[in-house]
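Some notes on the structure that comes next.
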Amino acid sequence: MQVKAPRGTYDILPQDSVKWQYIEKIMRDSAESFGFREIRTPLFEHSELFQRGVGQGTDIVSKEMYSFNDRSRRSLTLRPEGTAPCARALIEHGIYSGVMPVKWYYLGPMFRYDRPQTGRYRQFHQFGVEAFGSNSPYLDAEIIILLVEILRRLGLDDYELHLNSLGCSVCRDDYRQKLLQHISPFKEQLCQDCQQRYMQNPLRVLDCKMETCHQAIRGYPIFYDHLCPYCQEHYSRVQAALQANGVSYIHDNNLVRGLDYYSNTAFEIHLPGIGAQSAVGGGGRYDGLVKELGGPDIPGIGFALGMERLLLALDMLGKREFSKPSLDVFVVVMNDAYEMQGLQLVSELRRRGIRADKDYGGRSGKAQMKYAGKTAARFVVMVGEEEVEKHFWTLRDMQSKEQRQLGQEELIDSIRSVIETK
RNA sequence: GUGGAUGUAGCUCAGUCGGCUAGAGCACCAGAUUGUGGCUCUGGGGGCCGUGGGUUCAAGUCCCAUCAUCCACCCCA
């Protein structure tokens, strides 16, 4: 049995890596234009970081972590998300004692043990941003504007932005009590899953798909109506700021993010039409996280975008064509005897900034021409007996089929004059 | 973790009710007189029929298991 890539992982081959480079550049440029700078944290961390930072009750910690003991029996975990590591780094380096807010972005693989499906992998990639040290609602809005801007630059304008407020720890606990009180009498009528949710995270009962559950809990109190004055004010300012910037959103009472550290603003962005895993990004405010991890009580907010899902969307909905980078010149050596001259020529062309390659298969001139055609090289330079004897090169323009005999400097100049105007 | 579909060449697939050395298209390689690409023609290489077991005189085909992929649930990115 041959060895294959592990379940839920895959190779990104050159034809696809150009797409990755394309979206990565858009993300970096966008984030940097908003004043974010890149941070790179380790791919694995002490398991404890995620247990405390993400939360014991979450799906991520309870069943999706890739954890292992290293040789000195420390429990380590391949990072399932990027926020907790950023918070850890912020604390570890005392960054919070400098200029605030701290605005970081990151880009890279995340790991979750989940059942693979289209748009869902065990090693997947996220682009994310985090801003620490400000609880201004306008920062919340700015973060969302950045998210939307990235989608716009990618040409994926047809999104749905869901927005909600999860309140602060005070009004959330308050609401939770009210909700439990409301549901309690109908507990028996809930589905199996919801009976569980009732115990662990009653807010999740609200977006159960089962009709019977909807019926059972109808008339339930709406969180929106129970936010404390501070949280209400915060949320309405976020909304006003989004409106003022022309960002349309859907207020969604049922949006309950899975990670424990969220507070106040929470959002999720969907691209309908890419299958079941339509959430391409999500995020929110996590004002308690840094303190929870042993740092000072400073607020934070961020989001993460799923790169695979964006790529999927680009393939399915995008209009963009990706041209593969092609060679400028292919050097055809007509006779084995002149291999050395051919090699010297490609090397010189490459030194002069020309993308050049040659054949190493010892193939016939005709076969090399054929191969040159496939590489879509603009020019072929022929190296044979006549060229070497008479000190010139034969340059063939593969588009016009014109051929000229040129000295080396003329050759380079004439290649450059064409490729530089491209 | 639950339910369903599917696994035959690098890719897309055909292969009847079990019955010859398992096929096609594309891709790849080579030729079509002498140093020249794309088109055409000819030829060639390449398959433990996902893997393991079972039924049978005989299994790509039937049965079981297992692995993987896909779809949905769940959850999210």
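In what follows, chains carry the letters A, B, and so on, assigned in the order in which the sequence lines appear, proteins first and then strands, with residues in each chain numbered from 1.
For A:E64, taking side-chain heavy atoms from C-beta onward, the closest of the listed nucleotides B:G35, B:G37, B:C75 is B:C75. With B:G37, B:C76, B:G1 as the candidates, the nucleotide lying closest to the side chain of A:Y113 is B:G1. Here the side chain of A:S364 is nearest to one of B:U36, B:C76, B:G31, namely B:G31. With B:U2, B:G31, B:G37 as the choices, the nucleotide that has an atom nearest any side-chain atom of A:R115 turns out to be B:U2. Closest to the side chain of A:M382, from the set B:G37, B:G35, B:C74, is B:G35. Of the candidate nucleotides B:G38, B:G3, B:A77, B:G38 has the atom nearest to the side chain of A:K401.
Applying the 4.0 Å criterion to OP1 and OP2 of B:U69, one finds that A:R7 has a side-chain N or O inside that range. Taking only side-chain nitrogens and oxygens, A:Q403 never comes nearer than 4.0 Å to OP1 or OP2 of B:U36. Between A:K374 and B:C28 there is a side-chain N or O to OP1 or OP2 distance below 4.0 Å. Side-chain nitrogen and oxygen atoms of A:R363 include at least one within less than 4.0 Å of the OP1 or OP2 phosphate oxygen of B:C29.
The nearest whole Å value for the distance from the CD atom in A:Q117 to the C1' atom in B:A72 is 7 Å. Taking atom CG of A:L154 as the reference point, atom C1' of B:A77 lies 15 Å away to the nearest angstrom. Nucleotide B:G37 holds its P atom 9 Å from the NZ atom of A:K370, rounded to whole Å. Distance, A:K366 NZ to B:G35 C1': 11 Å, rounded to whole Å. A:D114 has its CG atom 14 Å from the P atom of B:A72, to the nearest Å. In this structure, the CG atom of A:L107 is 16 Å from the P atom of B:A77, given to the nearest Å. Separating the NZ atom of A:K63 from the P atom of B:C75 is a distance of 8 Å, rounded to the nearest angstrom. A:F303 has its CZ atom 19 Å from the P atom of B:C76, to the nearest Å.
Between A:R153 and A:D29, no side-chain nitrogen of the basic residue sits less than 4.0 Å from a carboxylate oxygen of the acidic one, so the salt-bridge criterion is not met. Looking at A:D397 and A:K401, no side-chain N of the basic residue comes within less than 4.0 Å of a carboxylate O on the acidic one, giving no salt bridge. In summary, A:R112 and A:D114 do not engage in a salt bridge, as defined by a charged side-chain N under 4.0 Å from a carboxylate O.
For B:U61 and B:G18, the P atoms lie 11 Å apart once the distance is rounded to whole Å. Taking atom C1' in both B:G50 and B:A59, the straight-line distance is 16 Å, to the nearest Å. Rounded to whole Å, the separation between the P atoms of B:G60 and B:C20 comes to 10 Å. B:G52 and B:C48 have their P atoms separated by 11 Å, with the value rounded to a whole Å. Rounded to a whole angstrom, the distance from the P atom of B:C13 to that of B:C76 is 34 Å. Between B:U36 and B:C49, the distance separating the two C1' atoms is 43 Å to the nearest Å.
Each of A:V280 and A:G365 has a nearest nucleotide on RNA chain B; the 5'-most of these lies closest to A:G365. Take the nearest nucleotide of RNA chain B for A:A276 and for A:L305: the residue whose nucleotide is more 5' is A:A276.
By the stacking rule of 5.5 Å between ring centres and under 30° between planes, A:Y371 does not stack on the base of B:G37.
For A:W104 and A:E38, the side-chain atoms include no donor-acceptor pair closer than 3.5 Å.
In this structure, A:R120 contributes its side chain and A:Q277 its backbone to no donor-acceptor pair below 3.5 Å.
By the 30° and 60° cut-offs, the orientation of the rings of A:W20 relative to A:Y10 is tilted.
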